[in-house]
Amino acid sequence: MRLGDNFFIRDVLDVAPELLGKILVIKKDDSIIQFPITEVEAYRGEADRACHASKGRTARTEIMYHQGGVIYVYLIYGMYWMLNFVTGVANQPQAALIRGIEGFDGPGKLTKQLSINKSFYGENLCHSQRIWLEDSKSVKDFIATPRIGIDYAGEPWISKPWRFSTT
DNA sequence: GGCACGATGTGA
DNA sequence: CACATCGTGCCG
């Protein structure tokens with residue numbers, strides 16, 4: 001069963017760990033492929049210096065101010081698309097970065113595999129015909145560790161255990 | 001294995 | 001000019 005608004009419109013720290021094990025479904029070349037999510041990171045509000053919304057509302061971060069259930073994608077290092085799911089209520093910018101799916105560890109690798117690009121910016125996970133999430137039993141065995149590649153954010157953000165991975 | 005480095009485009 | 005990354009080449 002497809003996950004609906006009520007799943008995403010909650011605090012990212014509640015949603016992110018629950019994303020583990022959920023099935024990412026993508027329609028690609030007329031076929032449907034599915035991958036369980038294995039690793040995610042939480043980015044939480046303007047106060048979180050690691051969150052892109054810490055710089056306020058811009059063309060890029062605008063979608064994070066939408067209520068949960070839409071996609072935030074952006075290009076990093078000129079070549080990799082990062083896939084995020086917006087969470088929380090409107091005007092409370094949050095997102096969960098998808099860092100790994102079964103068989104493809106790495107946020108840049110999985111988007112390349114799934115052909116995810118800028119055209120997915122703003123896509124609604126609850127209504128889209130080409131990307132959505134299917135429910136599954138919650139994963140109980142996961143670990144929470146610090147987020148990757150955000151040294152610039154400084155403390156306390158650098159140490160928050162907001163990266164969730166299956167074991 | 002681990003470390004250095006470069007690719008490559010965009011937002012502030 | 002930094003950036004929520006990744007592959008390659010080198011070391012020994």
Side-chain angles (χ1 to χ4, degrees), chain A residues 7-22 24 26 28 33 35-125 131 133 139 142-167:
Chain A
F7 177 83
F8 298 100
I9 306 177
R10 294 180 295 147
D11 193 284
V12 69
L13 293 181
D14 294 323
V15 177
E18 288 185 30
L19 281 170
L20 297 174
K22 294 291 185 288
L24 178 59
I26 306 246
K28 191 189 172 196
I33 49 182
F35 300 89
I37 293 171
T38 57
E39 183 179 353
V40 305
E41 275 177 5
Y43 288 87
R44 189 168 184 264
E46 292 183 342
D48 177 4
R49 298 295 293 277
C51 181
H52 289 163
S54 65
K55 295 188 169 136
R57 206 186 273 254
T58 68
R60 182 172 71 154
T61 63
E62 183 62 31
I63 199 66
M64 295 181 98
Y65 290 79
H66 191 280
Q67 76 172 23
V70 293
I71 287 179
Y72 168 43
V73 284
Y74 66 93
L75 186 66
I76 190 67
Y77 298 114
M79 57 185 88
Y80 300 108
W81 293 101
M82 301 286 104
L83 172 65
N84 296 250
F85 300 154
V86 173
T87 68
V89 299
N91 299 310
Q92 170 193 297
Q94 303 183 337
L97 167 68
I98 307 307
R99 291 195 67 89
I101 56 178
E102 212 164 276
F104 298 93
D105 283 342
K109 286 198 256 186
L110 72 89
T111 52
K112 181 176 180 185
Q113 174 65 23
L114 302 177
S115 303
I116 286 171
N117 53 45
K118 191 176 184 68
S119 75
F120 284 81
Y121 184 95
E123 191 94 1
N124 192 312
L125 287 162
I131 183 170
L133 289 179
V139 170
F142 66 87
I143 54 173
T145 52
R147 295 171 290 179
I148 301 295
I150 55 146
D151 287 359
Y152 63 87
E155 295 292 356
W157 312 107
I158 201 172
S159 299
K160 298 278 189 192
W162 288 355
R163 174 191 184 203
F164 306 97
S165 348
T166 57
T167 54

Heavy atoms under 4.0 Å, any strand shown: does [X] hit a base, just sugar-phosphate, or nothing?
X	value
A/Ile150	sugar-phosphate
A/Met79	base
A/Gly78	base

**Item:** Aro-ring/base stack A/Tyr43-C/dA4, d under 5.5 Å, angle under 30°
**Value:** yes
Integer-rounded Å distance: [N] [atom2] and [X] [atom1]:
X	N	atom1	atom2	value
A/Tyr77	C/dT8	OH	P	19 Å
A/Met82	C/dC3	CE	P	15 Å
A/Arg57	B/dG11	CZ	P	18 Å
A/Leu75	B/dA12	CG	P	13 Å
A/Asp151	C/dT5	CG	P	10 Å
A/Ile76	B/dA12	CD1	C1'	13 Å
A/Tyr121	B/dG9	OH	C1'	17 Å
A/Arg44	C/dA4	CZ	C1'	18 Å

Does a side-chain N or O from [X] land closer than 4.0 Å to OP1 or OP2 of [N], or not?
X	N	answer
A/Tyr80	C/dG7	no
A/Lys109	C/dG7	yes
A/Arg163	C/dA4	no

**Request:** Measure across A/Gly56 and A/Tyr65 and return the closest heavy-atom pair with its distance rounded to 0.1 Å.
**Result:**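 Of all heavy-atom pairs spanning A/Gly56 and A/Tyr65, the closest is C-OH, 3.4 Å.
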For the backbone of [Y] and the side chain of [X], can you confirm whether one donor and one acceptor N or O come within less than 3.5 Å of each other?
X	Y	value
A/Lys109	A/Gly100	no
A/Thr61	A/Met64	no
A/Gln67	A/Thr87	no

**Message:** Could you spell out the base pairing of DNA chain B as a dot-bracket line? Use Watson-Crick and G-U wobble contacts where both distances are under 3.5 Å, [ ] for crossing pairs, | for partners on a different strand.
**Reply:** |||||||.|||.
**Message:** Can you say whether a donor on the side chain of A/Tyr74 sits under 3.5 Å from an acceptor on the base of C/dA4, or the other way round?
**Reply:**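 Indeed, a donor on one side and an acceptor on the other fall under 3.5 Å apart.
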**Asked** Nearest 0.5 Å, what's the CG-CZ distance between A/Leu125 and A/Phe85?
**Response**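 Atom-to-atom, A/Leu125:CG and A/Phe85:CZ are 5.0 Å apart.
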**Request:** Compute the ring centroids of A/Tyr74 and A/His52, then answer whether they are less than 6.0 Å apart.
**Result:**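 Between A/Tyr74 and A/His52, the centre distance is under 6.0 Å.
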**Prompt:** Under a 4.0 Å N-O cut-off, is there an ion pair linking A/Arg44 with A/Asp11?
**Reply:**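 Judged by the 4.0 Å cut-off on N to carboxylate O distance, A/Arg44 and A/Asp11 do form a salt bridge.
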**Item:** Out of B/dT10, B/dT8, B/dA12, whichever nucleotide has its closest atom nearest the side chain of A/Thr58
**Value:** B/dA12
